[in-house]
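A, B, ... follow the sequence lines: proteins, then strands. Residue 1 opens every chain. Computed over heavy atoms, backbone and side chain alike; hydrogens, waters and symmetry mates excluded. Predicted, not measured: the structure shown is a model, and the values here were computed from it.
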There are 2 protein chains.
Amino acid sequence: MGASTTEPQSAARNSRPVATIADVAAQAGVSVATVSRTLSANYPVAESTKSRVLDAVEKLGYVANAHARALAGATTRTVGIVIADVADPFFGYVARGVERQASSENRLCLIMATEADRDRELAIVDLMREQRADAVILVGGASDHAGYRKKMAARAKALAENGSVLVLCGRPSLGEEVPTVSVNYDNSGGAFAVTDYLISQGHRKILYLGGPANLSTTAARFEGFNRALQARGIAPDPELVHLGEFGRPFGYQRMREILASKTEFTAVFGANDLVAVGAMEAIAEAGLRVPEDISVVGYDNIPVSREVRPRLTTVNVPLEDLGREAVKAALGRFEYGSESANSTLGTHVVIRDSVRAI
Amino acid sequence: MGASTTEPQSAARNSRPVATIADVAAQAGVSVATVSRTLSANYPVAESTKSRVLDAVEKLGYVANAHARALAGATTRTVGIVIADVADPFFGYVARGVERQASSENRLCLIMATEADRDRELAIVDLMREQRADAVILVGGASDHAGYRKKMAARAKALAENGSVLVLCGRPSLGEEVPTVSVNYDNSGGAFAVTDYLISQGHRKILYLGGPANLSTTAARFEGFNRALQARGIAPDPELVHLGEFGRPFGYQRMREILASKTEFTAVFGANDLVAVGAMEAIAEAGLRVPEDISVVGYDNIPVSREVRPRLTTVNVPLEDLGREAVKAALGRFEYGSESANSTLGTHVVIRDSVRAI
DNA sequence: CTGAAAGCGCTTACAG
DNA sequence: CTGAAAGCGCTTACAG
């Protein structure tokens, strides 16, 4: 006890019980080169030698030091994923896809949450660069801040020069000349489709609710929304646009205010499912019914959209596939700018019970 | 194009544009030792020197190679978290706590999903051992398989000898002599409390639904359930026990079968919220009402329990805190077996609308 | 098929 | 306050 508290941490960390490749070599009576080769299985080794090495490994409980291995030139077998929040279903499902694909390619995942903070995002990319991740995957909407874009572009270049790659998953390109790989989903198309569906059901006064201004996701969805309005000859009404945040609390609160304000509308387009569900709650509290009095649609098709009553009509985003494709694209052979390096997955409307024809 | 496809991958990975500490030193006109010192900020360096180094770093876009740093003896500043599924809210919230605490202690998270597979779990721990993670946190229920326990205990020892630590978060100890840190929640106590609540509302025939046999979480919850029955003098009825899985589909399917079988009961204890919600859906489909005809409780208090109608009465588990505490305990100074190395967070019943007195 | 040795990019005593 | 040098634990040409 006394001893352990007086020892400096570094000494504790470096205590020598850890078996190294040299220990294994000694135990097996071979050179370290031979141990390395039998473990890497990338070079012929005699069967008898191999089994002696493996026995030694087993006996010593040896696992290679990934850092030494990485330093010596091997790949790190690591992919980084940066998301806004681990507990948010949108990111959770994308992360699941990344994790599953990475692990099927025998890689470990590094994960960090930005908490939707631009500077944190930049700092996290640097941390992953330090770790020499084979790829760094940026998930979800991006800030449209110019200084931020420039800084991220610089990191993309550094990563590329390093033999790694920055993957943009569900966010816009950083520019033609910036070496990145993109895996997107048809964000604006989904918004167009669900808005058009609302219009086809007779809705003309549609509230657009939620999503941070200055976020690429908001821009794309709002663009699709407006495009649908325009295609049907409906004039956009600024009074009906309420950007803000992506959470359920925002949807609930803002909807309460709007309901109190007596703004006229027959349907609400929630910028994501969480916002839509929050809005539904406010609507119910106000003594109104969905869809009889007000129709509501969401976006993302996360599980909650199936759980709520009435079940929410929404736009499906292939979240898990997005994650899988991101690592496939990042790790596959490709040329920057080539087709295979940039793909866009489809979205589609999932019709459930929250919209009524009027 | 042609060139890049003929180059071997390793050459691409090791292309030299990456600035090293030597490049920075040259650029700044100082020794590598000085660069290291100013970057680590753990040693006096003249202001003027420092700024020259920092300029060089900026100019070259230098970030230290984490592997070289780790190899040279510094800590890896990395914590590993192993969960069953990233997209499962239970694990998502614990992971959020881990991620937040780790990042506030300036550490990166390694994350991998076991898909509830024992052997995968063991393999993942080895991968994290290779990475020399400062701590490896095992989240959620553990298998009660004896061979598995032995293997995991061996890894705990190896980790400890390495200056790292295995953290058991929401799962039982591996034995007195096995060096681990535990952060638990009062699993059995929560089950006792919510069962007792059901009984206090007049329920006597309570169905226990879901959760894999052979999983520590199931064992703890079922034990609390039985203890509550016993405390009130209610004989346990094997007919009313339906173990199985943790997902919503299981809750739905099995409840359908049970409803069709005409088993008699007035309440159901869902082994977790997902199971409870699935059961509620089957009940509704059968034309029965919750709580008028059947009362239902869940466990975990994940968001869906608030989303469903009626809102689900459940047991709160401090998921995010569990994650935070796990990294605090792992990274704090402690002696194995000491109090601070082993804590248990409280659980409590959250009463909502899914239980009726009879 | 096997070994000796260089080198990966850092950190940290050891000397000034 | 600064530098030269050893060493961390691997992998990989280079020689047999």
**OP:** Report the C-alpha separation of Lys157(A) and Glu161(A) in whole Å, then their side-chain angles, then the decisive distance to 0.1 Å, and conclude whether the salt bridge (Lys or Arg N to Asp or Glu O under 4.0 Å) test is met.
**Re:** CA-CA 6 Å; Lys157(A) 282 175 196 145; Glu161(A) 285 169 350; over 6 Å; no

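A straight line from CD of Glu130(B) to P of dC10(D) spans 10 Å, rounded to a whole angstrom. The separation between Arg69(A) atom CZ and dG7(C) atom C1' is 17 Å, rounded to whole Å. Here dA4(C) presents its P atom at 14 Å from CD1 of Ile21(A), a figure rounded to the nearest Å. Going from atom CG of Asn65(A) over to atom P of dC10(C) covers 16 Å, rounded to whole Å. In this structure, Leu71(B) atom CG and dG7(C) atom P are separated by 17 Å, rounded to whole Å. One interatomic measurement links the two molecules: CG of Asp23(B) to C1' of dG9(C), which rounds to 10 Å at whole-angstrom precision. For the pair Leu39(B) CG and dC10(C) P, the computed distance is 9 Å after rounding to whole Å. In this structure, Leu60(B) atom CG and dG9(C) atom C1' are separated by 15 Å, rounded to whole Å.
Minimum heavy-atom separation, Thr76(A) to Ala70(A): CG2-CB, 3.9 Å.
Every residue two or more places apart in sequence or in another chain that forms a salt bridge (charged side-chain N to carboxylate O under 4.0 Å, His left out) with Asp126(B) is listed here: Arg129(B), Arg155(B). By the salt bridge (charged side-chain N to carboxylate O under 4.0 Å, His left out) test, Arg118(B) is found to be paired with no residue, residues two or more places apart in sequence or in another chain being considered. In this structure Thr38(A) satisfies the side chain to side chain donor-acceptor pair (under 3.5 Å) test with no other residue, sequence neighbours excluded. Not counting sequence neighbours, Arg149(B) has no partner by the salt bridge (charged side-chain N to carboxylate O under 4.0 Å, His left out) test. Checked against salt bridge (charged side-chain N to carboxylate O under 4.0 Å, His left out), Glu115(A) has the following partners two or more places apart in sequence or in another chain: Arg100(B). For Thr114(B), the side chain to side chain donor-acceptor pair (under 3.5 Å) test picks out no residue, with sequence neighbours left out.
At the heavy-atom level, Ser36(B) lies under 4.0 Å from base atoms of the strands shown.
Using atom C1' as the reference point in both dG16(D) and dT12(D), the two lie 16 Å apart (nearest Å).
Screening residues 27-48 of chain A for salt bridge (charged side-chain N to carboxylate O under 4.0 Å, His left out), with sequence neighbours left out, gives Glu47(A)-Lys50(A).
Close to dT2(C), at under 4.0 Å from its OP1 or OP2, lies a side-chain N or O of Thr49(A). The side chain of Thr20(B) contributes no N or O atom lying less than 4.0 Å from OP1 or OP2 of dG9(C). Contact annotation: Thr34(B) side-chain N/O to dT2(D) OP1/OP2 distance is not under 4.0 Å.
We find that Glu99(B) and Arg96(B) are not joined by a salt bridge, their nearest charged nitrogen and carboxylate oxygen being 4.0 Å or further apart.
The strand DNA chain C forms stems, runs of 3 or more Watson-Crick or G-U wobble pairs with distances below 3.5 Å, at C:1-3 with D:14-16, C:5-12 with D:5-12, C:14-16 with D:1-3.
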Please list each protein N or O that sits under 3.5 Å from an N or O in nucleotides 13-16 of chain D, with the distance.
residue: dA13(D); atom: N6; partner: Arg37(A); partner atom: NH2; Å: 2.7

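Between Tyr62(A) and Val30(B), the residue anchored closer to the 5' end of DNA chain D is Val30(B), taking for each the nucleotide with the nearest heavy atom. Each of Arg132(B) and Gly29(B) was matched to the nucleotide of DNA chain D holding its nearest heavy atom; the match closer to the 5' end belongs to Gly29(B).
The side chain of Ala72(B) lies closest to dC10(C), out of dC10(D), dC10(C), dC1(C).
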